[in-house]
**Q** 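Please see the structure below; I have some questions.
This is a predicted model, so every value here is computed, not measured. For this chain, numbers begin at 1 and follow the sequence in order.
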Amino acid sequence: MKINELNTNLPNKKDEEFLKINFDSLFSTEFKETKTYEFDIMGLKTIKDENSYESVLFNITKSLDENQKVLTIDKNIAEPIFLIHKIKEDETLFSNSLKIEVKENIKAQVVEVFVNSSTNSAFTVNRNINLEENASLEYVKIQDINASNSMIFANSIKQEKSSNLEITNLEFGDGFIVNSFENIINKEFVNYELNGLTKLSNDSTTATLVKTVHNEKNSTSSINYKNSLKDSSKAVVKIKSIVNETAPFTKAFQNCNTILLSDDATIFAQPHLEILIDELEASHGATTGTLNQEQLLYLCSRGIKKEKAYEMLLNAFESTIKSNIKNEIIKEFVENYKREKYV
């Protein structure tokens, strides 16, 4: 079957939201089989996903399987929950939907890793993150899908009063990847942080779409992305934050920095702030450049080989995202992560 044969509304590259993203190849691919990717965790409740979403990306997974697993965290746990997802079958379209619930006053950490050893397969993933009052979640996602494979990751967030959500999104794969993060903030004193690192090479393409809407006062959102692009890779980063008139004393920050490591690498960065009120703090910006040649020359003048100096500067650029991870177990996991351990 083909995705463009599904009986649902699909993304269109002519739509403003999806400009610069070409779904044609993925949507016209003939998959030999469709499967629901099952979790290794026993005892997860199954519900029907009856939510409506702003992004049509959610429609794909819902059309393949309207059921959703529920991971409920109602106790403080000493160590993070790790979910490792491995795609092995060739020419298969996988779907997977999970709701992560963190109960009132609970603090939790969840890590998801998406890897594959397949060829010409795709993974469509829906995630709902629900935080009750005064709950806190650190969520880290690592995507490492290789060439000839694709992934669509759609994330919807609901936060209650005084909740805290810190997301780190790490994009390492060589495939065709589209991410969507949407958070409609309707409660006071919500804190929402999204830190992303897109590290691409070869012919990989990754698009990240972020939409945050502030509807209630005294909430904070901070979106920070860094992109490191080699060869003929391409990244699209669209960050949209809306602060409505019902949300005084909001803090809304956006930042997107890109280093192009070859003449053929491409970035399309589009930060967008829509502000309908005066009483707030807000900023946005985007920069694109190459590694600092003066710093490179300085390190070489100190006896450091050029390749090593290059690596040091690149690591310094990327480490600012990884250093935002609070949990030391997760931080160590990310620092030591190697794809070959999981495929």
**Q** Just checking K331: does its NZ atom have more than 12 heavy atoms from other residues, nucleotides or ligands closer to it than 6.0 angstrom?
**A** yes
**Q** Is there a donor-acceptor contact under 3.5 Å from the side chain of T61 to the main chain of F58?
**A** no
**Q** Give, for atom CG of D49 and atom OG of S97, the distance between the pair rounded to the nearest 0.5 Å.
**A** 5.0 Å
**Q** Shortest non-hydrogen contact from N76 to K107?
**A** OD1-N, 2.8 Å
**Q** Sub-3.5 Å donor-acceptor pair from the side chain of D90 to the main-chain atoms of T119, do we have one?
**A** yes
**Q** Is the shortest distance from a Lys or Arg side-chain nitrogen in E318 or K199 to a carboxylate oxygen in the other one below 4.0 Å?
**A** yes
**Q** Verify, without hydrogens or angle tests, whether N244 (side chain) and A247 (backbone) share a donor-acceptor contact under 3.5 angstrom.
**A** no
**Q** Is K20 positioned over the aromatic face of F268, cation under 6.0 angstrom from the ring centre and no more than 45 degrees off axis?
**A** yes
**Q** Which heavy atom of M1 sits nearest to which heavy atom of E5, and what is that distance?
**A** CA-OE1, 3.9 Å
**Q** Are the side chain of T320 and the backbone N or O of A316 linked by a donor-acceptor pair below 3.5 Å?
**A** no
**Q** Say you draw a straight line from NZ of K161 to CG of L131; how long is it, rounded to the nearest 0.5 Å?
**A** 16.0 Å
**Q** Could you tell me whether D40 atom CG has more than 12 heavy atoms of other residues or ligands within 6.0 Å of it?
**A** no
**Q** Quick check for you: to the nearest 0.5 Å, what is the distance between T72 atom OG1 and K45 atom NZ?
**A** 5.5 Å
**Q** Under 4.5 Å between side-chain heavy atoms, counting indirect links through other Ile/Leu/Val/Met/Phe/Trp/Tyr residues: same cluster for I167 and V237 or not?
**A** yes
**Q** For a side chain to side chain contact (heavy atoms under 4.5 Å, CB included) check, start with the C-alpha distance between L71 and L98, then their side-chain angles and the critical distance, and finish with the verdict.
**A** CA-CA 7 Å; L71 172 62; L98 177 67; 4.0 Å; yes
**Q** Out of E188, K251, H214, which one pairs with S219 under the side-chain hydrogen bond (donor to acceptor under 3.5 Å, both in side chains) rule?
**A** H214
**Q** So does K341 have more than 12 non-hydrogen atoms from other groups sitting under 6.0 Å from NZ?
**A** yes
**Q** Tell me, with the steps shown, if I185 and T212 meet side chain to side chain contact (heavy atoms under 4.5 Å, CB included).
**A** CA-CA 7 Å; I185 299 174; T212 310; 4.0 Å; yes
**Q** Could you point out which residue of P11, S156, S180 forms a side chain to side chain contact (heavy atoms under 4.5 Å, CB included) with S55?
**A** S180
**Q** Are any of the side-chain nitrogens in E166 or K326 under 4.0 Å away from the carboxylate oxygens of its partner?
**A** yes
**Q** Rounded to the nearest 0.5 Å, how far does OG1 of T29 lie from CG of N4?
**A** 9.0 Å
**Q** Under a single-linkage definition using a 4.5 Å side-chain heavy-atom cutoff for Ile, Leu, Val, Met, Phe, Trp and Tyr, are I321 and V111 assigned to the same hydrophobic cluster?
**A** yes
**Q** Specify the closest pair of heavy atoms between K14 and L19, including all atoms of both residues, with the distance to one decimal.
**A** O-CD2, 4.0 Å
**Q** Set out, in order, the CA-CA distance, both residues' side-chain angles and the distance that settles side chain to side chain contact (heavy atoms under 4.5 Å, CB included) for S221 and N183, then state yes or no.
**A** CA-CA 10 Å; S221 65; N183 191 353; over 6 Å; no
**Q** Please report the shortest heavy-atom distance between K338 and Y342, naming the atom on each side.
**A** O-CD1, 3.5 Å
**Q** Quick check against the 3.5 Å criterion: does S148 have a side-chain atom that pairs as donor or acceptor with the backbone of N120?
**A** yes
**Q** Flag yes if L276 and I239 sit in one hydrophobic cluster, no otherwise; membership is Ile, Leu, Val, Met, Phe, Trp, Tyr, and two members link when side-chain heavy atoms are under 4.5 Å apart.
**A** no
**Q** Rounded to the nearest 0.5 Å, how far apart are CD of Q68 and CG of N51?
**A** 6.5 Å
**Q** Looking at every non-hydrogen atom in both residues, tell me the closest pair between E160 and S163 and how far apart they are.
**A** O-OG, 2.8 Å
**Q** Would you confirm whether N116, through its side chain, and N146, through its main-chain N or O, come within 3.5 Å as a donor-acceptor pair?
**A** yes
**Q** With a 4.5 Å heavy-atom cut-off, do L137 and I129 have their side chains touching?
**A** yes
**Q** As an exercise, state the distance from CG of L93 to NZ of K35, rounded to the nearest 0.5 Å.
**A** 12.0 Å
**Q** Quick one: do K240 and E17 make a salt bridge, cutoff under 4.0 Å?
**A** no
**Q** Is the side chain of E91 donor-acceptor paired with the backbone N or O of E30 at a distance under 3.5 Å, no angle test?
**A** no
**Q** Quick one: does any side-chain atom of S121 pair with a main-chain N or O of S118 as donor and acceptor, under 3.5 Å?
**A** no
**Q** Should we count NZ of K158 as having more than 12 external heavy atoms under 6.0 Å?
**A** no
**Q** In this structure, are over 12 heavy atoms from other groups packed under 6.0 Å from E332 atom CD?
**A** no
**Q** A quick test of your reading: do over 12 heavy atoms of other residues, nucleotides or ligands sit less than 6.0 Å from CG of D263?
**A** no
**Q** Salt-bridged, K211 to E182, with N to O below 4.0 Å?
**A** no
**Q** Which label fits F333 and Y337: parallel for a plane angle under 30°, tilted from 30 to 60°, or perpendicular past 60°?
**A** tilted
**Q** Are V140 and L194 co-members of a hydrophobic cluster defined by side-chain heavy atoms under 4.5 Å apart?
**A** no
**Q** Check K99 with E101, please: is the shortest side-chain N to carboxylate O separation under 4.0 Å?
**A** yes
**Q** Scan the side chains in residues 169-178 for donor-acceptor partners under 3.5 Å anywhere in the protein, sequence neighbours excluded, and list what turns up.
**A**
{"residue": "N169", "atom": "OD1", "partner": "K141", "partner atom": "NZ", "Å": "2.7"}
{"residue": "N169", "atom": "ND2", "partner": "E171", "partner atom": "OE2", "Å": "3.0"}
{"residue": "N169", "atom": "ND2", "partner": "Y225", "partner atom": "OH", "Å": "3.0"}
{"residue": "E171", "atom": "OE1", "partner": "Q143", "partner atom": "NE2", "Å": "2.5"}
{"residue": "E171", "atom": "OE2", "partner": "K141", "partner atom": "NZ", "Å": "2.6"}
{"residue": "E171", "atom": "OE2", "partner": "N179", "partner atom": "ND2", "Å": "3.2"}
{"residue": "D174", "atom": "OD2", "partner": "N202", "partner atom": "ND2", "Å": "3.2"}

**Q** Using the rule given for side-chain hydrogen bond (donor to acceptor under 3.5 Å, both in side chains), can you reason through K69 versus T46, listing the C-alpha separation, both sets of side-chain angles and the distance that settles it, and then say yes or no?
**A** CA-CA 5 Å; K69 295 294 185 180; T46 301; 2.7 Å; yes
**Q** Please tell me whether H85 and F94 form a close aromatic pair, meaning their ring centres lie under 6.0 Å apart.
**A** no
**Q** Could you label the plane-to-plane angle of the F123 and Y37 rings as parallel, tilted or perpendicular, counting under 30° as parallel and over 60° as perpendicular?
**A** tilted
**Q** Short question: side chain of D65, backbone of N67 - any donor-acceptor pair under 3.5 Å?
**A** yes
**Q** So, for I73 and I81, which heavy atoms are closest and what is the spacing to 0.1 Å?
**A** CD1-CD1, 3.9 Å
**Q** Please evaluate residues L64 and T36 with respect to the criterion side chain to side chain contact (heavy atoms under 4.5 Å, CB included), reporting the C-alpha separation (whole Å), side-chain torsions for both, the decisive distance (0.1 Å), and the verdict.
**A** CA-CA 8 Å; L64 294 166; T36 298; over 6 Å; no
**Q** If you group Ile, Leu, Val, Met, Phe, Trp and Tyr by side-chain heavy-atom gaps below 4.5 Å, do L83 and L44 land in one group?
**A** yes
**Q** Is the side chain of N59 donor-acceptor paired with the backbone N or O of N9 at a distance under 3.5 Å, no angle test?
**A** yes
